[in-house]
Peer 1: 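My questions all concern the structure below.
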Amino acid sequence: MKDIIILGIESSCDDTSAAVIKNGELLSNVTASQAVHESYGGVVPELASRAHELNIVPVVDQAIKKAGIAKEDISAVAFTRGPGLMGSLLVGVSFAKGFARSLGVPMIDVNHLQGHVLAHFIQEPDVKKETPQYPFLCLLVSGGNSQIVLVKAYNDMEVIGQTIDDAAGEAIDKCSKVMGLGYPGGPIIDRLARQGNPKAFTFSKPNIGGYDYSFSGLKTSFLYFLRDRLKENPDFIEQNKEDLAASLEATIVDILMKKLRLASKELGIKEVAVAGGVSANTGLRNAFLDHAKRYKWNVYIPKFGYTTDNAAMIAITGYYKYVDKEFCSIDKPAYSRVSIG
Ligand code: KG4
């Protein structure tokens with residue numbers, strides 16, 4: 001049988017990434033991140049698009065070379081069609097369509113969020129990895145999303161709970177900004193939290209029904225708490241940053257795990273995965289391991305490289321769609337907003 005070789009392209013936010021997957025196995029995954037945003041305290045869309053424009057050709061070229069294939073070997077080009085920043089998406093989408101057309105191969109559009117969930121199915125050569133059994137629950141937590149996804153098949157996913165306001169990563173980043181720490185706040189809070197007491201301070205937790213989340217109340221509670229303490233002691237943050245980070249992280253992890261436990265119990269599903277940028281968080285990873293022991297969950301935690309945006313997850317999704325002949329036509333536009341289902 002002819003090899004199925006998928007080139008995946010990801011450009012939804014501030015990472016330009018390309019990956020090659022052959023018969024379901026990863027051959028290369030190359031990502032160019034954009035440091036340009038750090039000094040602005042957040043992603044600047046216009047700068048992101050320009051950086052993608054500069055990075056896309058060398059990144060794709062490197063991914064093909066690293067994979068040890070020729071571009072003529074590619075069976076199809078899979079690309080993130082959305083959701084994401086429109087200007088960023090347009091670079092990857094336009095490049096992918098043009099490249100596929102020039103090679104005379106099919107185009108495959110991929111939902112970025114579906115890609116995050118399917119990152120659990122990326123197989124690396126010589127590494128035997130357990131993959132989740134359907135149906136499973138996936139906690140998808142990133143800078144833009146906090147949702148619980150019921151995954152019934154690679155192409156059948158249902159969002160059963162989601163944030164009604166801020167995403168978990170967004171809340172962490174904003175609280176870190178209030179503390180005067182750098183951007184993105186997630187990794188900084190994570191590092192500080194390892195040296196702090198998670199029970200030192202208490203912040204408000206939401207009280208909403210079902211499997212939905214809310215993080216805006218926590219953010220406000222954190223802000224007011226700091227404002228009051230700073231009135232008494234201007235050095236409060238500097239003197240307590242480890243405890244603040246640990247308490248904030250513990251509150252967010254508690255909020256996330258509580259709804260996930262509820263969903264697992266009510267739906268009777270013990271296959272539970274985590275995905276997205278915030279899944280790099282040590283406290284959250286530990287909570288998953290703890291739940292595996294305590295509630296007999298089979299947990300799936302991605303490798304660090306597959307927590308953030310990457311093209312390997314787009315290529316593996318593209319591979320499944322290729323097998324099912326799920327191709328897209330050249331006139332399908334990028335979309336900035338869309339749900340996973
Ligand atoms: O999925 P992702 O890379 O992209 C966007 O959604 O934009 O997620 C980025 C988010 C940011 O909010 C970042 O602060 C957070 O993931 N993050 C973390 C950690 N690493 C990244 N949050 C907590 N702990 C971490 N170690």
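All of these numbers come straight from a predicted model, not from anything done at the bench. First listed ligand is number 1; within each ligand, the first listed atom is number 1.
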Peer 1: At less than 4.0 angstrom from any non-hydrogen atom of Ala280, what atoms of ligand 1 do you find?
Peer 2: 20 (N), 26 (N)
Peer 1: Is the shortest distance from a Lys or Arg side-chain nitrogen in Lys303 or Glu124 to a carboxylate oxygen in the other one below 4.0 Å?
Peer 2: yes
Peer 1: Considering only non-hydrogen protein atoms, determine which one is nearest to atom 26 (N) of ligand 1 and report residue, atom name and distance to 0.1 Å.
Peer 2: Asp190 OD2, 2.8 Å
Peer 1: What atoms of ligand 1 come within less than 4.0 Å of a heavy atom belonging to Pro184?
Peer 2: 14 (O)
Peer 1: Heavy-atom distances under 4.0 Å are what count here, so tell me which part of Asn281 touches ligand 1: side chain, backbone, both or neither.
Peer 2: both
Peer 1: How far is atom 22 (N) of ligand 1 from its nearest protein heavy atom, and which residue and atom is that?
Peer 2: Gly186 CA, 3.3 Å
Peer 1: Kindly state each residue pair satisfying ring pair (Phe, Tyr, Trp, His ring centres under 6.0 Å) with at least one member in residues 34-87, sequence neighbours excluded.
Peer 2: none
Peer 1: Taking Asp165 first and then Lys219, would you say they form a salt bridge - that is, a charged N and a carboxylate O separated by under 4.0 Å?
Peer 2: no
Peer 1: Going by distance only, is there an N or O of Thr307 that falls short of 3.5 Å from an N or O of ligand 1?
Peer 2: no
Peer 1: Please determine if Asp3 and Lys22 form a salt bridge, counting it only when a charged side-chain N lies under 4.0 Å from a carboxylate O.
Peer 2: yes
Peer 1: With atoms numbered from 1 as shown, which atoms in ligand 1 lie under 4.0 angstrom from a non-hydrogen atom of Gly144?
Peer 2: 6 (O)
Peer 1: Using the side-chain hydrogen bond (donor to acceptor under 3.5 Å, both in side chains) rule, pick out the option among Gln147, Glu266, Gln162, Lys259 that qualifies with Tyr211.
Peer 2: Glu266
Peer 1: Can you confirm if the NZ or CZ of Arg285 lies within 45° of the ring axis of Phe304 and under 6.0 Å from the centre of its six-membered ring?
Peer 2: yes
Peer 1: Tell me which protein heavy atom sits closest to atom 17 (N) of ligand 1, plus the residue, atom name and distance to 0.1 Å.
Peer 2: Gly277 O, 3.6 Å
Peer 1: I need the atoms of ligand 1 closer than 4.0 Å to a non-hydrogen atom of Thr308, numbered in the order shown.
Peer 2: 3 (O)
Peer 1: Identify, for atom 5 (C) of ligand 1, the protein heavy atom at the shortest distance, and state residue, atom and that distance.
Peer 2: Gly143 N, 3.5 Å
Peer 1: I'd like to know if the side chain of Asn240 and the backbone of Phe236 have a donor-acceptor N/O pair within less than 3.5 Å.
Peer 2: yes
Peer 1: Starting from atom 11 (C) of ligand 1, what is the nearest protein heavy atom, named by residue and atom, and what distance separates them?
Peer 2: Asp173 OD2, 3.4 Å
Peer 1: For residues 102-132, which residue pairs qualify under ring pair (Phe, Tyr, Trp, His ring centres under 6.0 Å), counting only residues two or more places apart or in two chains?
Peer 2: His112-His116, Phe121-Tyr134
Peer 1: Of the side chain and backbone of Val278, name the one, both, or neither that has a heavy atom under 4.0 Å from an atom of ligand 1.
Peer 2: both
Peer 1: Does Ser88 reach the main-chain N or O of Gly84 with its side chain, forming a donor-acceptor pair under 3.5 Å?
Peer 2: no
Peer 1: What do you reckon, does Gly169 have a nitrogen or oxygen under 3.5 Å from a nitrogen or oxygen of ligand 1?
Peer 2: yes
